[in-house]
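Since the structure comes first, as structure tokens, the remarks are kept for the end.
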Amino acid sequence: KQEVTQIPAALSVPEGENLVLNCSFTDSAIYNLQWFRQDPGKGLTSLLLIQSSQREQTSGRLNASLDKSSGRSTLYIAASQPGDSATYLCAVRSTDKLIFGTGTRLQVFP
Amino acid sequence: NAGVTQTPKFRVLKTGQSMTLLCAQDMNHEYMYWYRQDPGMGLRLIHYSVGEGTTAKGEVPDGYNVSRLKKQNFLLGLESAAPSQTSVYFCASSSGLANTQYFGPGTRLTVL
């Protein structure tokens with residue numbers, strides 16, 4: 001059974017710092033991996049999707065990498081801003097379902 | 001383009017009552033999903049649909065029923081609500097299984 005773990009559960013950093021969020025999964029037989037952002041009381045917004053054949057995807061200050069063989073993905077946020085404060089979720093597609101991690105709650109303070 | 005919308009936003013039920021949550025999408029997506037989100041457990045898939053007239057069970061389907069009579073709508077029903085169904089419910093849609101899922105704003109349900 002696929003399990004997705006995100007460490008740390010919470011992170012607090014000063015504005016301007018570069019930071020890395022981690023996601024690990026137990027079964028390397030995946031189709032793709034997605035990173036989402038969730039603001040308090042809101043739905044999920046897709047940030048990046050990496051297909052299983054890809055190693056990384058970039059969007060603006062965000063870069064996500066995928067190492068399928070080791071069951072790991074990282075989300076790199078460059079020059080963090082207070083507006084980046086949110087919960088970040090990774091989700092792995094195995095067969096026909098997305099399996100979610102429990103998220104990393106990020107706070108960026110001025 | 002409204003994307004994915006959910007009705008209602010909040011609801012309080014008494015144990016044993018029934019209700020239906022409505023999800024609508026205007027992106028002409030084939031695939032639609034219902035999730036529940038509970039503290040410390042992440043999002044879990046309840047039911048999903050791969051097209052109009054189809055439904056399939058997800059990870060936690062017990063106590064829920066769904067219907068997809070129209071392509072743009074996906075309904076989630078609770079026939080006899082239980083306190084264990086207190087949660088935030090999210091609907092999502094996608095154009096394909098391997099494609100990005102777009103989420104609605106959620107429905108916060110409390111069962112007393």
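So you know, we letter chains A, B, ... as the sequences are listed, proteins then strands, and number each from 1.
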Judged by atom type as modelled, is there a donor-acceptor pair below 3.5 Å linking the side chain of [X] to the main-chain atoms of [Y]?
{"X": "Ser49(B)", "Y": "Thr54(B)", "value": "yes"}
{"X": "Thr104(A)", "Y": "Pro8(A)", "value": "yes"}
{"X": "Gln25(B)", "Y": "Asn28(B)", "value": "yes"}

Tell me, do [X] and [Y] make a side-chain contact under 4.5 Å, heavy atoms counted?
{"X": "Phe109(A)", "Y": "Ser12(A)", "answer": "yes"}
{"X": "Thr87(A)", "Y": "Leu106(A)", "answer": "no"}
{"X": "Gln38(A)", "Y": "Phe90(B)", "answer": "yes"}

Per-residue contact mode, [X] against chain A (heavy atom under 4.5 angstrom):
{"X": "Gln37(B)", "result": "side chain"}
{"X": "Leu45(B)", "result": "side chain"}
{"X": "Tyr33(B)", "result": "side chain"}
{"X": "Tyr102(B)", "result": "neither"}

* Asked: What residue in Ile99(A), Leu98(A), Leu89(A) has the most heavy-atom pairs under 4.5 Å with chain B?
  -> Leu98(A)
* Between Lys97(A), Arg93(A), Lys42(A), which residue shows the highest count of heavy-atom pairs closer than 4.5 Å to chain B? ->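 The candidate making the most pairs under 4.5 Å is Arg93(A).
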* Asked: Under a 4.5 Å heavy-atom cut-off, does chain B meet the side chain of Gln51(A), its backbone, both or neither?
  ->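 The side chain, not the backbone.
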* Asked: Under a 4.5 Å heavy-atom cut-off, does chain B meet the side chain of Leu49(A), its backbone, both or neither?
  -> side chain
* Asked: Do the ring centers of Tyr48(B) and Phe74(B) come within less than 6.0 Å of each other?
  -> no
* Most heavy-atom pairs under 4.5 angstrom with chain A, which of Met41(B), Gln101(B), Glu59(B)? -> Gln101(B)
